[in-house]
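Shown next, in C-alpha cells, is the structure this report addresses.
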2 protein chains.
Amino acid sequence: MATESTTQKKYRSPDGLPTDICLFTITTEPRRDTKNKALPDLTLKVLLIQRDPKSDRFPGYWAFPGGFSTEHETIDACAERELREETHLSPEAVHIEQLRTYYAPGRDPGGWIPTVVYYALVNESRLSGFKADDDAADARLFSVEEAMGMQLAFDHNLILQDALQRVQEKMLQTNIAKEFLPREFTLSELLKVIETVVPSFQADRSNFGKKLVSTQARKGIIEIATDAHGREKYSNSTSQTKAKLYRFTDYVPPLTIY
Amino acid sequence: MATESTTQKKYRSPDGLPTDICLFTITTEPRRDTKNKALPDLTLKVLLIQRDPKSDRFPGYWAFPGGFSTEHETIDACAERELREETHLSPEAVHIEQLRTYYAPGRDPGGWIPTVVYYALVNESRLSGFKADDDAADARLFSVEEAMGMQLAFDHNLILQDALQRVQEKMLQTNIAKEFLPREFTLSELLKVIETVVPSFQADRSNFGKKLVSTQARKGIIEIATDAHGREKYSNSTSQTKAKLYRFTDYVPPLTIY
DNA sequence: GAAATAGTGTCTCTCAGACAGTATCGA
DNA sequence: TCGATACTGTCTGAGAGACACTATTTC
C-alpha cells in the first residue's frame, strides 16, 4: 500500500461505506406458569427494521438498522449517530462496539457496498421511549431465535450469527451483563441474564453466589450495594424473599487457558 | 440504512477501501550470556514497509503493508492477497484475522480512506524466503518495542497498539501460540513464547507443565508427540537435557469469569 | 564441577460442585 | 400451608502455587 496508495485514482472506489447495528436487548415478561411473585421470563431480542417495500434491493425484508458514513465523522461516530437516529438512544445509555467489516461480491445488489457492523447492548428500560414512538412503525424487536429463522436482507443472517457468538463470548468473559441489568441487581437476576444470552451456561444458584463473591480470582467483580449510611440494600421485587443487591465494579479478572 | 441505501447516489463515497496487515513474528537469537546449549532469546517483531520517499503522504515513513481492495473479492481475500504479494507467503502458512476498521477525518491526507486492518501471525521459519528476497529492500522486521517508539505513517501507531493488545489477549485465551512454534515443541519453548508476547505472564516452569498436561479443565489442549510406532518423542536441541515434545490439538477450553 | 534445563515429589490452602437444610414472604 | 426464591452449611475430590530435589548433558 505504501506506494500504491499515492496512485489511488486508478482504483475504483466503493459505492459507499455504511454501518449496520445489531442491537440486542433482553425483554422481561411475567411468568405465566405461576401466580406467585417470581423471576420473570427473559428473552434475548434483536432490533430489525423492515425495508421499504418499494426498494429495488430486498423490498420488505427485515434488516439491521444502519446508514451511510460520511467523510467528516469517525466510523465509530457514524455508528453512534445511526443508533441515535433509529432508536433515540443517547450513546451513554448504550454499550456499542465494532464487530467487524463485511464485504463479498454481490452482498448488496446495489453495488460495491461493504458494511462496518457494530453490536450494541441496551437495557430494556431505556428502550421504552422508543417503543412508544414507533410501535406501529417498521421497527420491531424479534427474539434472536425467531430472527435466525427468518430470511433477512443482504448477508444479515450471517452477521447475526457472528454478532450473537461475539456477545455470548463477551457475556462470559467480561462484565457486559451489566448492560442488561439495572445498576443494582440480585444474584438470581444476574444468573438469569447470563443463562438467557448463553443457554448452555448452567450454574447452581447457591454455588454461583459463593464463587462470585468470595473466590480469590473473582473477588471484586461485583460488590454488595449499600445505601448512603453504608447499610446493605435488599430487594424483594422479584421474589417473596428479600435478596441482597449487588453492583458491578470495573474489575474484570484476566482469563487464560494456561 | 433500509431506506437510505436505495438512494445511495446522493452520498459521497470513500476514495478507496484498503486493507492493512499487522504481521507479527517471533525471531530467535542464540543467547549471548552463556556458551552452553540454552533456550534462545525470543523477540516479538512486526513487519513494516517504508513508504516511497516521493509520496505526498508520509514520504519515507514506515507503515504496515497493505493495499486497496476491489469489488470482485471479499475483504478477507483482499487481505490474504496483500499478504501474499508483500511476503510471498501462502495463506495456509499464516494465521490471519480481521482486527477492525479505522476511519477518522484526516487519518489519510489523501482523502476519505478508511482501512480494514488485519493481524497476522507467522512462524519465523516461514519468513526465511522472504527475508532473502528483500533483504536490502524497503521491508523490515522491527521489534514491537522499537516500532511503538517510532512515528509511523497514518494512524498506524494506534493500530499497532490495538493489534498488540488483541494478540496478547488471544495468546492467553486461545492456542495461537502454535503459530509461533514448530508443530512439535517442548513445554519450555511454549512458555517462552507466551512470555515473549505477554511479558506480564509469569509461570513456574514445573507447575506449568503439570497444569497444562494433567489438569481437568486444560487436559487436551496439548498432547504428547509420538512417532509412527506410538513412542514418545524427545528433543534436546534447546537444552542439554532431552525434553518431551508436545503438539497442540484443536481443543480450546471455554473461559468464563463466572 | 558448573551451567542450564527437565522433570518429580510434596505440602498447604483454596476451590468447584453436589446437596441438604433453613428462612422468608405472598397468595 | 404451599410455592418460589434466598441463603448457609457441609463434604469431597481436584487444583494452584511454592519449593525442594534429582537427573541429564555439555562446556
Side-chain angles (χ1 to χ4, degrees), chain A residues 28 30-42 184-193 195 201-222 224-225 232-246 253-258, chain B residues 28 30-42 184-193 195 201-222 224-225 232-246 253-258:
Chain A
T28 65
R31 288 236 308 255
R32 276 167 304 189
D33 59 351
T34 176
K35 275 179 235 149
N36 274 349
K37 216 190 258 186
L39 291 171
D41 280 327
L42 305 187
E184 302 180 339
F185 50 85
T186 68
L187 291 179
S188 294
E189 287 173 324
L190 170 56
L191 183 53
K192 261 254 147 121
V193 164
E195 288 174 348
F201 183 87
Q202 295 296 338
D204 180 294
R205 163 67 186 78
S206 59
N207 289 330
F208 179 72
K210 272 184 296 194
K211 231 166 73 171
L212 202 45
V213 173
S214 60
T215 267
Q216 199 60 30
R218 280 167 256 252
K219 200 179 298 185
I221 297 176
I222 58 171
I224 296 174
E232 300 183 349
K233 294 173 74 175
Y234 293 88
S235 158
N236 70 337
S237 59
T238 60
S239 82
Q240 283 106 336
T241 312
K242 68 177 184 174
K244 253 187 206 134
L245 286 172
Y246 292 83
L255 291 171
T256 170
I257 65 173
Y258 297 111
Chain B
T28 64
R31 286 229 317 249
R32 277 167 303 188
D33 59 351
T34 176
K35 276 180 232 144
N36 275 349
K37 212 191 262 188
L39 291 170
D41 280 326
L42 305 188
E184 302 180 340
F185 51 86
T186 68
L187 291 180
S188 293
E189 288 173 323
L190 170 57
L191 183 52
K192 262 260 151 112
V193 163
E195 288 174 348
F201 183 87
Q202 295 296 338
D204 180 293
R205 163 66 187 80
S206 59
N207 288 332
F208 179 72
K210 273 184 294 191
K211 231 166 72 171
L212 203 44
V213 174
S214 61
T215 267
Q216 199 60 31
R218 282 167 255 255
K219 199 179 296 181
I221 297 176
I222 59 171
I224 296 174
E232 300 183 350
K233 295 173 75 174
Y234 294 87
S235 157
N236 70 335
S237 59
T238 59
S239 81
Q240 283 105 335
T241 312
K242 67 174 185 176
K244 251 186 206 132
L245 286 171
Y246 292 83
L255 291 172
T256 169
I257 65 172
Y258 297 110

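Nothing here was measured: the structure is a model prediction, and the numbers come from that model. Both backbone and side-chain heavy atoms feed into the values below; hydrogens, waters and symmetry mates do not. Every chain is numbered from 1 and lettered A, B, ... according to where its sequence line falls, protein lines coming before strand lines.
- The interatomic distance linking A:Lys244 (NZ) with C:dT24 (P) rounds to 13 Å, in whole Å.
- The side-chain hydrogen bond (donor to acceptor under 3.5 Å, both in side chains) check on A:Thr28 picks up A:Glu124, with sequence neighbours excluded.
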Show me the side-chain donor-acceptor pairs of residues 210-217 of chain B shorter than 3.5 Å, one per line, residues at least two apart or across chains.
from: B:Ser214; atom 1: OG; to: B:Lys210; atom 2: O; distance (Å): 2.6
from: B:Thr215; atom 1: OG1; to: B:Lys211; atom 2: O; distance (Å): 3.4

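- At least one side-chain heavy atom of B:Arg205 sits less than 4.5 Å from a side-chain heavy atom of B:Leu187.
- For the salt bridge (charged side-chain N to carboxylate O under 4.0 Å, His left out) test, residues two or more places apart in sequence or in another chain that qualify with B:Arg31 are B:Asp33.
- When heavy atoms are screened at a 4.0 angstrom cut-off, B:Leu39 is found touching the sugar-phosphate backbone but no base atom.
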>> Across nucleotides 13-22 of chain C, 5' to 3', mark each nucleotide with B, S or - according to how protein heavy atoms within less than 4.0 Å reach it.
In response: --SSBBB---
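- Remark: B:Ser235 engages B:Ser237 in a side-chain hydrogen bond (donor to acceptor under 3.5 Å, both in side chains) (not counting sequence neighbours).
- Taking atom CG of B:Leu187 as the reference point, atom P of C:dT8 lies 10 Å away to the nearest angstrom.
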Give me the distances for all protein-to-nucleotides 24-27 of chain D N/O pairs that come in under 3.5 Å?
from: D:dT24; atom 1: O2; to: B:Thr241; atom 2: OG1; distance (Å): 2.6
from: D:dT25; atom 1: O4'; to: B:Gln240; atom 2: O; distance (Å): 3.1
from: D:dC27; atom 1: O4'; to: B:Asn36; atom 2: OD1; distance (Å): 3.0

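- The CZ atom of B:Phe201 sits 11 Å away from the P atom of D:dA16 (whole-angstrom rounding).
- Here D:dA14 presents its C1' atom at 17 Å from CG of B:Leu212, a figure rounded to the nearest Å.
- Look at A:Arg205 and you won't find any side-chain N or O under 4.0 angstrom from OP1 or OP2 of D:dT5.
- The ring pair (Phe, Tyr, Trp, His ring centres under 6.0 Å) check on B:Tyr246 picks up nothing, with sequence neighbours excluded.
- With sequence neighbours excluded, the residues forming a side-chain hydrogen bond (donor to acceptor under 3.5 Å, both in side chains) with B:Asp204 are B:Ser206, listed by chain and number.
- A:Glu189 has its CD atom 11 Å from the P atom of D:dC7, to the nearest Å.
- A search for salt bridge (charged side-chain N to carboxylate O under 4.0 Å, His left out) contacts involving B:Glu184 returns B:Lys233, B:Arg247, not counting sequence neighbours.
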